[in-house]
Amino acid sequence: MTGAARTWDVRTGVGATAVVAAAGRAVETHRQDGLLDDPYAEALVLAAGPPGNVPTRPGGDGEHGNWRALSDLVGIRGKFFDDAARRAAGFGVRQVVLLASGLDTRAHRLDWPAGTVLFEIDQPAVLEFKNQVLRVAGAQARCDRRPVPADLREGWPDALRDAGFDPGRATLWIAEGLLYYLTPDGQRGLLESVHALSAPGSRWAIEDDPHFLERMDDPEARASSEALGLDLRSLLGAGARPDPGEWLRTHGWIVESRTLRTAASEYGRTLTPVGERVNGPFVLVNARKA
């Protein structure tokens with residue numbers, strides 16, 4: 001990743017962005033037109049005690065332009081990844097890996113087919129915090145959930161195998177809110193590692209935006225980042241990075257992609273002006289290894 005600390009928890013650096021994403025899921029969950037339902041998001045945010053003014057409900061600050069844009073982003077991409085999970089399950093995929101899982105609760109909130117094994121890779125402190133909050137909330141995983149304390153910058157394939165991952169089985173990989181925090185070399189390394197670990201029939205759902213760092217110069221985007229007590233520019237990976245969809249195509253994957261603004265239209269969601277400018281160009285990728 002960037003020059004961020006080598007490790008972090010949910011209150012520092014990249015880890016704090018997981019709390020912001022959970023806040024977006026909480027707001028989305030309570031919207032009448034919500035695209036996803038995460039009954040644990042609000043508890044995770046409140047337990048983290050995030051910096052800045054972070055709403056978890058619509059109305060008030062939750063309806064401010066920047067927060068509405070965040071809710072839209074999290075809701076639209078969340079539905080995209082939820083749909084990718086259901087689609088993969090429908091094709092018989094029973095092994096799932098969440099890369100940089102953060103405060104994701106899909107293991108607990110989606111209906112997984114019997115026999116599904118779901119691995120969550122993230123920093124030890126992040127996983128420990130999430131496990132504790134979910135335990136207090138009485139959340140029960142609906143699959144065989146296996147947290148994998150590991151750093152995606154080094155050594156994670158071995159940790160994943162040690163947790164029982166089988167590279168001979170088709171796998172669904174999910175990379176949500178991840179790639180733009182990686183350095184160019186880090187992204188290439190992740191692409192190469194996932195490709196090497198993927199059996200035929202594996203699927204990969206990805207959210208990416210190679211120009212996100214540039215668009216953080218938008219005054220409203222910068223103001224939103226400051227309100228969260230975060231300097232997103234310092235966390236985003238700089239430099240020319242590979243286009244994940246094109247990389248996967250050249251390595252034998254069948255790829256479908258669309259922008260977040262296109263997905264918003266498909267889901268019946270109208271983006272706010274700041275959401276259109278800052279989040280609309282995000283790319284959502286569905287790939288299958290032939």
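We count residues from 1, following the sequence as given.
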Backbone N/O of Gly102 and side chain of Asp122: donor-acceptor pair under 3.5 Å: yes
Shared hydrophobic cluster, Leu271 / Val274 (ILVMFWY, side-chain heavy atoms < 4.5 Å): yes
Pair Tyr180 + Phe282: ring centers closer than 6.0 Å: yes
Gly75 backbone acceptor or donor facing Arg25 side chain under 3.5 Å: no
Side chain Ser101, main chain Leu98, donor-acceptor under 3.5 Å: no
Residue pairs fulfilling ring-ring contact (aromatic ring centres under 6.0 Å, His included) with at least one residue in residues 124-145, sequence neighbours excluded: none
Ring geometry between His251 and His195 (parallel below 30°, tilted from 30 to 60°, perpendicular above 60°): perpendicular
Leu179 with Trp253, same ILVMFWY side-chain cluster at under 4.5 Å: yes
Joint cluster assignment, Val194 & Leu191, ILVMFWY side-chain distance < 4.5 Å: yes
Approximate separation, where rounding is to 0.5 Å, of Asp37 CG and Lys79 NZ: 12.5 Å
Test applied, side-chain contact (heavy atoms from CB on, under 4.5 Å); reference residue, Leu44; option that passes from Leu103, Thr56, Asp104, Val10: Leu103
Least distance between heavy atoms, Ser257 atom then Val285 atom: CB-CG2, 4.0 Å
Ring pair (Phe, Tyr, Trp, His ring centres under 6.0 Å) against Trp112, all qualifying residues, sequence neighbours excluded: none
Salt-bridge criterion met for Arg288 and Glu256 (N-O under 4.0 Å): no
Exercise: do Asp38 and Thr105 side chains pair donor with acceptor under 3.5 Å: yes
Test item: Ser193 side-chain N/O and Leu190 main-chain N/O as donor-acceptor pair under 3.5 Å: no
Trace of the ring-ring contact (aromatic ring centres under 6.0 Å, His included) decision for Trp204 with Phe81: CA-CA 10 Å; Trp204 196 357; Phe81 285 107; over 10 Å; no
Electrostatic pair Arg161-Asp166, nearest N-O below 4.0 angstrom: no
Separation between CD1 of Ile174 and CZ of Arg203, rounded to the nearest 0.5 Å: 12.5 Å
Arg146 and Glu120 ion-paired at < 4.0 Å: no
Exam field: side chain Thr171 to backbone Arg169, donor-acceptor pair closer than 3.5 Å: yes
Derivation and outcome, side chain to side chain contact (heavy atoms under 4.5 Å, CB included), residues Arg241 and Leu182: CA-CA 9 Å; Arg241 298 178 291 118; Leu182 299 175; 5.7 Å; no
